[in-house]
Amino acid sequence: MSIKFEDVSYIYSPDTPLEKKGLDNVSFELQEGSFNAIIGHTGSGKSTLMQHFNALIRPTSGKIEIAGTTITPETTNKNLKELRRHVSLVFQFPEAQLFENTVIDDIAFGPKNFGYDNEKAFASARFWLKKVGLPEEIGKRSPFELSGGQMRRVAIAGVMAYEPEILCLDEPAAGLDPEAREQMMALFSEYQKEGHTVILVTHNMDDVANYAENVLVMEHGKMIKQATPREIFKDRNWLQEHHLEEPKPSLFATKLQNYHFAKLPLTIADLVKDIETNLKG
Amino acid sequence: MSKILIGRYVAGDSIIYRMDPRGKLLATIIFILFVFLANNPVSYLIVTIFSIAAVAATKLKPKVFWDGVKPLIWLILFTSFLQLFFSVGGTVYWQWTIFALSSYGITNAIYIFIRFTVIILISTVMTVTTKPLEIADAIEWLLKPLKIIHVPVDKIALIMSIALRFVPTLFDETLKIMNAQRSRGADFNNGGLVTRAKAITPLLVPLFINSLETAIDLSTAMESRGYRGDQGRTKFRILKWSNVDLINLCYFILLLGLLLIFRTH
Ligand SMILES: Nc1ncnc2c1ncn2[C@@H]1O[C@H](COP(=O)(O)OP(=O)(O)O)[C@@H](O)[C@H]1O
Ligand SMILES: [Mg+2]
């Protein structure tokens, strides 16, 4: 089953002088089990779009089909548990959502809400605490004693612990150190390979090139392009026009003189391979 | 939540927006006092026309003002209702135990209704056309004389501005945390009282921690920039009287004159 957006528009504070278009006639389809990236400038509507996936906000007009649920402007916050069990969202700066006495209780909060019994909830919590790269002892500590990076991992574990089929991540790695970022990205990629759908908002084009198979580009609330990373990063002029960066390997390749590239390398692995070919050839 | 007291500012562009907040605050207070001078149909008509003129001068949609009156409509109706059935005097049309409908009651009910409504309308004119921080500045100015009796006016003003500044932030934060917990299966809409009270912990704890952190950050930032309270501070937003404010206050003198002429002595 795919995820389908049909002419979805969202207006903030409608009928007031502060009225603002958050989304403007967005239509697309995402494949089940795919890794999708959403890119675009600050204020382009990425977070607004993300909150539609599990109906935290409902479209002002249009229709969304996701995980067997149809979301329309008439949908209300009631009876959405089933949807939210299947489609979950990690907010930007999710460390703000921690509240329990201990880390492990906090991670188990989601699973318990979605009907796991106590034993299963805590087993899952312990499993995901390890998965996000934190030692077991941290589970007994208060989440408020942790460093920012550790809190981020706990928050991410808290959402993955009930294993949603569709995992939506809004800039999950913003502000993390490069090593933590790699670990988190690897975790999401592994999760997708196990058969889940991942939707990731990011400003990091290397992450897009490395992991995504499908990219949505947002601008002023509109979706201006949907394509593979290769397609997106092919057109340098188009990227510049829309103030989007390129992956570092392609920039690096452009700077190498007297080298021949059949197509611009997007990832470090591609770059290394191409350089090797050039040196041998 | 924040709608009732503060943060009701609506962006717009009309002469009222360009007035000095001190002038507007004074005018609002004067108007509220003057309303109590009205005591007959003509004088009530005058205050009504006056407040409608002020509403019209904002050039905002009527809905903005209806939103101002709406939260208080039951209070207004209830008070008018009390006047209607519990005042005695004039011709009595109907009576049953302690309830009585008299001509005196009817006029009183109408007067109370008008009095309430125009006061709310004028305060709304003030709050929708003046940014909360400007209102705080105006209140600070108004309280200045109290410095003589050692009331810490600057500190009160600072507390007021900070509180005002963070109301929208807190509101956004609340919404964000609510959504984050909803995402994790929290349910704020269903269940009985106990369930709902329990459901609120995942909202309140992060909100509290967040506010404390913001407060600590803010005080650190203020201290590291050398903030030390009252003595010799200059103002970032400098308030300026202009002719518009003068003319505005003249209108209110006109109102006073009219009321004094037309009220029943
Ligand atoms: N709660 C809100 N109220 C009003 N406008 C908002 C709100 N949240 C976002 N917006 C506006 O909607 C637009 C899209 O915002 P957002 O989806 O957060 O962008 P992004 O995540 O791409 O930075 C922006 O112009 C923003 O100012
Ligand atoms: Mg965002």
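Residue numbers start from 1 in every chain, and the chains themselves are labelled A, B, ... in the order their sequence lines are given, proteins ahead of strands.
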If you round to the nearest 0.5 Å, how far is [atom2] of [Y] from [atom1] of [X]?
X        : Y        : atom1 : atom2 : answer
A/Phe91  : B/Asn179 : CZ    : CG    : 4.5 Å
B/Arg182 : A/Gln97  : CZ    : CD    : 14.0 Å
B/Ile209 : A/Phe99  : CD1   : CZ    : 11.5 Å
A/Arg84  : B/Arg184 : CZ    : CZ    : 14.0 Å

Give, as side chain, backbone, both or neither, the part of [X] having an atom under 4.5 angstrom from any heavy atom of chain B.
X        : result
A/Phe93  : both
A/Glu100 : neither
A/Arg85  : neither

Hey, is the main chain of B/Asp187 close enough, under 3.5 Å, to the side chain of A/Lys81 for a donor-acceptor pair?
-> no
Does a sphere of radius 6.0 Å around [atom1] in [X] hold more than 12 heavy atoms from other residues, nucleotides or ligands, not counting ones at 6.0 Å or beyond?
X        : atom1 : result
A/Glu119 : CD    : no
A/Phe28  : CZ    : yes
A/Glu145 : CD    : yes
B/Leu212 : CG    : yes
B/Phe208 : CZ    : no
A/Lys130 : NZ    : no

Which atoms form the tightest heavy-atom contact between [X] and [Y], and what is the distance?
X        : Y        : value
B/Pro206 : A/Ala96  : CB-O, 3.1 Å
A/Ser88  : B/Ser183 : OG-O, 3.4 Å
B/Lys176 : A/Gln92  : NZ-O, 2.8 Å
B/Pro202 : A/Phe109 : CG-CZ, 3.8 Å
A/Asn113 : B/Ala186 : ND2-N, 3.6 Å

Pick one of side chain, backbone, both or neither for B/Glu173, based on which atoms fall under 4.5 Å of a heavy atom in chain A.
-> side chain
When only pairs under 4.5 Å are counted, which of A/Val87, A/Asp106, A/Val90, A/Thr76 shares the most heavy-atom pairs with chain B?
-> A/Asp106
Hey, which of A/Leu98, A/Ile57, A/Val159, A/Asn77 has the most heavy atom pairs under 4.5 Å with chain B?
-> A/Asn77
